[in-house]
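Right, one structure below, let's go through it.
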Amino acid sequence: MSDDHHIRIRGRVVLWRYARLRGLAAGWSITPDERRPDLERKVLIDSRLRGRARLETELHEALHQLFPDLAEETVGSAGRDLARLLYTLGYRLRDR
């Protein structure tokens, strides 16, 4: 089963992929910019994440795609707050 998804964010298709990431990052958000306009829009999430940590990372990287000019501190804070809210309300990933 593939862990790749194509999701429309801000009217553009983003490749959303779960994979084992190296290093300390739990996720990456890749968007084109002036220096690299041909980059594919992509989100990479570490496939080893579970529970609230996974939800927080997914929200964090989605916020980067939605608002690429926001500061990392703002995205981090918003991602944590949204994850805490949704987790408290009972949102959980269903087993496949």
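The first residue in the sequence is number 1, and the count goes up from there.
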Drop me the distance from Thr57's OG1 to Asp46's CG, to the nearest 0.5 angstrom.
8.5 Å
Treating Ile, Leu, Val, Met, Phe, Trp and Tyr as nodes and any side-chain heavy-atom pair under 4.5 angstrom as an edge, say whether Leu93 and Leu49 lie in one connected cluster.
no
Which atom names give the shortest non-hydrogen contact between Arg10 and Pro68, and what distance separates them?
NH1-CD, 3.4 Å
Answer yes if Val13 and Leu66 sit in the same cluster of Ile, Leu, Val, Met, Phe, Trp and Tyr residues linked by side chain heavy atoms under 4.5 Å apart, and no otherwise.
no
Once you round to the nearest 0.5 Å, how far does OG1 of Thr74 lie from CG of Asp69?
11.5 Å
Residues sharing Ile30's hydrophobic cluster, by side-chain heavy-atom contacts under 4.5 Å among ILVMFWY, directly or via others?
Leu21, Trp28, Leu39, Leu44
For residues 65-95, which residue pairs qualify under ring-ring contact (aromatic ring centres under 6.0 Å, His included), counting only residues two or more places apart or in two chains?
none
Using the ring of Tyr18 (Phe, Tyr or Trp, six-membered ring only), decide whether Arg48 places NZ or CZ under 6.0 Å from its centre and within 45 degrees of its axis.
no
My understanding is that only one of Lys42, Gln65, His64 makes a side chain to side chain donor-acceptor pair (under 3.5 Å) with Ser29; could you say which?
Gln65
Spacing of CD belonging to Glu40 relative to OG1 belonging to Thr31, to within rounding of 0.5 Å:
12.0 Å
Scan for salt bridge (charged side-chain N to carboxylate O under 4.0 Å, His left out) pairs involving residues 79-93, sequence neighbours excluded, and state none if there are none.
Asp81-Arg84
If you look at every heavy atom in Pro37 and Pro32, which pair is closest and at what distance?
O-CB, 3.5 Å
Straight-line distance of Arg54 CZ to Leu59 CG, nearest 0.5 Å:
11.5 Å
In Å, rounded to the nearest 0.5 Å, how long is the span from NE2 of His6 to CG of Leu15?
4.5 Å
Hey, does the side chain of Arg50 reach the backbone of Ser47 with a donor-acceptor pair shorter than 3.5 angstrom?
yes
Between CD of Glu72 and CG of Leu63, what distance do you get to the nearest 0.5 Å?
10.5 Å
